[in-house]
Amino acid sequence: MKKYSLKLVLMIAENLKNVQDRIAAVDKNQQVILIAVSKTKLASDLQQAIDAGQRHFGENYLQEALDKIEALKNQNLIWHFIGPIQSNKTKQIAENFSWVHSVDRLKIAKRLNDQRPESMQKLNVLLQVNIDDEPTKSGVKVDEIDELVTHFENFQNISLRGFMCIPNPVNSEQSFNKMAKIMQKYPNLDTLSMGMSSDLELAIKNGATFVRIGSDIFGKRA
Ligand SMILES: *Cc1c(COP(=O)(O)O)cnc(C)c1O
């Protein structure tokens with residue numbers, strides 16, 4: 001039993017180092033922040049990554065995330081909500097996260113703004129863009145972005161920082177490039193969340209500032 005867990009400890013730390021090296025090889029401006037995507041993984045797995053220096057974590061499912069936030073509190077971690085958002089979940093998201101990557105409609109933005117405690121720093125928000133216009137994926141359509149962005153001027157407790165996308169893997173390079181061009185139209189925004197285990201290099205070459213890496217750090221999910 002001891003042997004097994006020691007192996008696991010080493011594996012997560014080693015995987016993390018490999019991902020950091022892959023990022024460093026293409027991140028010429030040293031602007032990329034690595035988010036360890038820890039959905040379905042145990043708090044003890046996250047602790048291994050924390051002990052190896054990891055600070056940013058991404059979670060998709062609220063209840064699971066809240067359990068880990070509680071289990072790992074007082075360690076100066078930065079939590080990112082990256083999963084689909086139902087409107088009855090916005091309050092707990094607003095109260096427990098620093099970043100939300102998956103805002104895809106005005107109603108959700110408005111609720112997050114109303115429910116973000118004023119005692120906390122502004123909640124950082126990204127609009128999820130359905131960059132390949134895929135019917136099965138959530139996200140704002142490209143031609144809806146402009147309209148939605150204008151509404152954020154009215155929000156006091158949330159700050160629109162940029163965009164997130166999950167392209168179709170068959171054409172991720174073109175989609176990242178498309179996202180980069182959209183980003184250029186908004187000089188006030190500074191954050192682009194794109195790139196996963198299989199395509200982080202392509203995302204960084206196209207201006208990603210957050211990459212979201214799960215399986216290459218924690219191993220395959222069940
Ligand atoms: C699961 C997930 C990731 C991580 O994907 P991997 O292929 O395991 O690196 C990144 N972003 C989102 C939105 C996810 O749901």
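Keep in mind that the numbers below use all heavy atoms, side chains included, and drop hydrogens, waters and symmetry copies. Order of appearance sets the numbers: ligands from 1, and atoms from 1 within every ligand.
Heavy-atom separations between His101 and ligand 1 are all 4.0 Å or longer.
From the protein, the heavy atom lying nearest to atom 11 (N) of ligand 1 is Arg212 NE, 2.8 Å. Of the protein's non-hydrogen atoms, the one nearest atom 7 (O) of ligand 1 is Ser215 OG, 3.7 Å. Here the heavy atom of the protein found nearest to atom 9 (O) of ligand 1 is Ser197 OG, 2.6 Å. Of the protein's heavy atoms, Lys39 NZ, 2.5 Å lies nearest to atom 2 (C) of ligand 1. Taking atom 13 (C) of ligand 1 as the reference point, the nearest protein heavy-atom neighbour is Ile166 CD1, 3.6 Å.
Between Phe210 and His56, the ring planes are tilted. Angles from 30° to 60° get that label.
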Discussion item. Run the ring pair (Phe, Tyr, Trp, His ring centres under 6.0 Å) test on Trp79 and Phe97 for me, step by step, so that the C-alpha distance in whole Å, both residues' side-chain angles and the decisive distance to 0.1 Å come before the verdict.
Written reply: CA-CA 5 Å; Trp79 293 95; Phe97 287 81; 7.0 Å; no
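Using a 4.0 Å cut-off between heavy atoms, Asp216 makes no contact with ligand 1 at all. If you look at Asn60 next to ligand 1, the close heavy atoms, those under 4.0 Å, all belong to the side chain.
Among the candidates Lys89, Arg212, Lys68, Lys41, the single residue satisfying the salt bridge (Lys or Arg N to Asp or Glu O under 4.0 Å) test with Glu59 is Lys68.
The pair Glu70-Lys73 counts as a salt bridge, with a side-chain nitrogen and a carboxylate oxygen less than 4.0 angstrom apart.
Scanning Arg221, His80, Met196 for the heavy atom closest to atom 8 (O) of ligand 1 points to Arg221.
Any N or O atom pair closer than 3.5 Å counts here, and Gly214 shares at least one such pair with ligand 1.
Between Asp27 and Val32, the closest heavy-atom pair is OD2-N, 3.2 Å. The heavy-atom pair separating Ala36 from Phe218 by the smallest distance is CB-CE1, 3.9 Å.
When each atom of ligand 1 is checked for a heavy atom of Ile213 under 4.0 Å away, the hits are 9 (O). Heavy-atom proximity to Ile82, at under 4.0 Å, picks out these atoms of ligand 1: 11 (N), 12 (C), 13 (C), 14 (C).
Without hydrogens or angle criteria, Arg116 side chain to Gln121 main chain gives a donor-acceptor distance under 3.5 Å.
Atoms CZ and CG, from Phe152 and Asn188 in turn, are 14.0 Å apart once rounded to the nearest 0.5 Å.
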